[in-house]
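See below for the structure under consideration.
Along the sequence shown, residues are numbered consecutively beginning with 1.
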Amino acid sequence: MILRRLKTNHTVNLLLFPLLGVAFWLKNLLNPHLYQYTPGETGNLFFHYVYEWLKHYPLWQNVTALLLFLFIAFEILQISNRYTFIRIRTMLPATLFVLIAGGLTGLHFLHPVYFGVVFLLIAIYRLFSAYDQSTPFSAAFDTGFFLGISVLFYMNLIVLLPAFLLGIGILSRETGWREFIILITGFILPLIFTASIAWLTGNVIELHDIIWLILINPKEYLNPGLHLYIFAGFLALLTILGSARIISLYDKVKASTRRFFIVFFLIFVSSLVSIIANPGTIQEMMLVTVIPVTFLISNYFAFLKHRFWGDFLFLLLAAIAAAMQFFR
């Protein structure tokens with residue numbers, strides 16, 4: 001009954017995911033405090049300017065983080081509706097993203113990954129527009145450009161570049177070398193612009209030190225705790241169930257949907273590789289991992305025929321996400 005109501009496109013559901021987001025952030029909004037960033041986190045090139053502007057205002061830091069969080073959920077909803085991953089129009093992906101990502105309580109503060117993911121989703125939106133185009137040059141350039149901007153906000157997102165290069169080849173009708181070159185050109189333009197500004201202002205050495213600190217010098221690994229492993233384990237179970245459904249219906253779903261999910265799988269694997277290579281980034285990169293998982297689980301819940309199991313699994317997910325708020 002609960003899941004059936006949530007799957008509708010009713011206006012009330014449009015208000016549900018913002019209210020859930022505010023509920024998850026309520027403790028930080030009522031009792032704001034300055035977050036102690038690890039070395040290098042505030043040095044992400046574009047994020048540094050945002051941090052300098054808000055570093056003395058903990059309440060506005062939390063409000064900005066919450067607004068970015070909700071905007072990401074809205075972007076996910078727009079991608080779902082535009083490219084019809086789910087054959088029915090539903091706001092379920094936004095609600096599921098807020099539930100899943102809201103459980104990552106270690107990210108309930110202003111973190112550069114939120115800015116990065118905003119532009120990452122724009123890059124995904126433009127990448128998917130290349131589907132079945134024989135010359136997707138505009139889509140390839142825009143994809144690379146927005147991915148480059150996302151890297152300037154959160155540099156660890158550079159690990160996703162191979163997934164996007166493979167994605168443009170998978171989605172376009174005729175794969176040639178031009179699509180890859182154009183995407184790479186779009187990607188490096190923001191980086192070249194930033195490096196040029198650093199050279200003109202005499203900050204090349206400082207820029208080098210920042211990149212070294214963020215990418216080369218790994219963050220200290222902090223044990224996320226048993227509660228996060230339990231949460232991740234339950235998400236893994238839902239991911240397996242969602243994957244099994246996609247595989248079982250692989251020949252029945254649209255060709256575009258199959259290719260989109262392959263691209264999401266590449267993004268999912270790339271983010272996992274980043275976590276394994278640098279466990280210190282586990283929570284922020286899990287936010288990236290949550291994006292393909294959200295679409296996969298949304299598709300699973302949308303067409304789960306057994307109402308009891310649908311409501312049970314959804315309520316269990318909501319209960320675990322709520323319980324995570326007490327383990328900060």
Which atoms form the tightest heavy-atom contact between [X] and [Y], and what is the distance?
| X | Y | answer |
| --- | --- | --- |
| P18 | L70 | CA-CD2, 3.7 Å |
| M286 | A232 | CE-CB, 4.4 Å |
| G167 | L266 | N-CD1, 4.5 Å |
| L92 | T90 | N-OG1, 3.0 Å |
| Y154 | P112 | CB-O, 3.8 Å |
| I168 | A130 | CD1-CB, 3.6 Å |

#### Entry: Pair R126-S129, side chain to side chain donor-acceptor pair (under 3.5 Å): steps then yes or no
CA-CA 5 Å; R126 290 298 293 139; S129 70; 2.9 Å; yes

Rounded to the nearest 0.5 Å, how far apart are [atom1] of [X] and [atom2] of [Y]?
| X | Y | atom1 | atom2 | answer |
| --- | --- | --- | --- | --- |
| L99 | M324 | CG | CE | 12.5 Å |
| E75 | R82 | CD | CZ | 15.0 Å |
| L104 | L228 | CG | CG | 6.5 Å |
| N31 | N28 | CG | CG | 8.0 Å |
| L127 | I170 | CG | CD1 | 9.0 Å |
| L235 | L317 | CG | CG | 6.5 Å |

### Query
Is there a donor-acceptor contact under 3.5 Å linking the side chains of R245 and S248?
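Judged by distance alone, the side chains do not pair up.
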
Same apolar cluster: [X] and [Y], side chain cutoff 4.5 Å:
| X | Y | answer |
| --- | --- | --- |
| I240 | F234 | no |
| L20 | L67 | yes |
| L15 | L96 | no |

Got a donor-acceptor contact below 3.5 angstrom from the [X] side chain to the [Y] backbone?
| X | Y | result |
| --- | --- | --- |
| H108 | K27 | no |
| S270 | L160 | no |
| Q133 | A139 | no |
| S80 | I76 | no |

### Message
Consider side-chain contact (heavy atoms from CB on, under 4.5 Å). Of F115, Y57, Y51, W60, which one does L110 pass it with?
### Response
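Considering F115, Y57, Y51, W60, a side-chain contact (heavy atoms from CB on, under 4.5 Å) with L110 is found only for F115.
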
### Task
Take F264 and F128 through the ring-ring contact (aromatic ring centres under 6.0 Å, His included) test and state the conclusion after the steps.
CA-CA 11 Å; F264 272 137; F128 287 170; 5.3 Å; yes

### Task
Answer yes if the ring centres of F47 and H111 are under 6.0 angstrom apart, and no otherwise.
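No.
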
### Query
Looking at F145 versus F187, is the centre-to-centre ring distance below 6.0 Å?
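No - the distance between ring centres of F145 and F187 does not fall below the 6.0 Å cut-off.
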
### Query
Out of Y131, F260, F261, F295, which residue meets the ring-ring contact (aromatic ring centres under 6.0 Å, His included) rule with Y83?
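Option passing the ring-ring contact (aromatic ring centres under 6.0 Å, His included) with Y83: F260.
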
#### Entry: Member of F71, F24, F69 meeting the ring-ring contact (aromatic ring centres under 6.0 Å, His included) criterion with F97
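The option that passes is F69.
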
Quick one: side chains of residues 178-185, donor-acceptor pairs under 3.5 Å with protein atoms, not counting sequence neighbours, listed by atom name and distance.
residue, atom, partner, partner atom, Å
E179, OE1, G176, N, 3.1
T185, OG1, I181, O, 2.7

### Message
One pair to check against ring-ring contact (aromatic ring centres under 6.0 Å, His included): Y114 and F119. What are the steps and the verdict?
### Response
CA-CA 9 Å; Y114 287 120; F119 287 95; over 10 Å; no

#### Entry: Ring geometry between F312 and F308 (parallel below 30°, tilted from 30 to 60°, perpendicular above 60°)
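Geometry flag for F312 against F308: parallel rings.
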
Contact check, side chains of [X] and [Y], non-hydrogen atoms, under 4.5 Å:
| X | Y | value |
| --- | --- | --- |
| F141 | L189 | yes |
| I291 | L120 | yes |
| L296 | S243 | yes |

### Task
In sequence, state the C-alpha distance, the side-chain angles, and the governing distance for T143 and I122, and then conclude on side chain to side chain contact (heavy atoms under 4.5 Å, CB included).
CA-CA 8 Å; T143 298; I122 297 175; over 6 Å; no

### Message
What verdict does the side chain to side chain contact (heavy atoms under 4.5 Å, CB included) test give for Y300 and L313, after you've listed the backbone C-alpha separation in whole Å, the side-chain angles of each residue and the deciding distance to 0.1 Å?
### Response
CA-CA 11 Å; Y300 173 71; L313 291 174; 4.0 Å; yes

### Query
Under 6.0 Å from the CZ atom of F74, do we count more than 12 heavy atoms belonging to anything else shown?
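Counting other residues, nucleotides and ligands, CZ of F74 stays at 12 neighbours or fewer.
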
### Task
Show your reasoning for whether side chain to side chain contact (heavy atoms under 4.5 Å, CB included) applies to T289 and I267.
CA-CA 8 Å; T289 307; I267 294 173; over 6 Å; no

### Message
Evaluate V159 against M285 for side chain to side chain contact (heavy atoms under 4.5 Å, CB included), listing each step before the verdict.
### Response
CA-CA 10 Å; V159 73; M285 287 307 295; 4.2 Å; yes

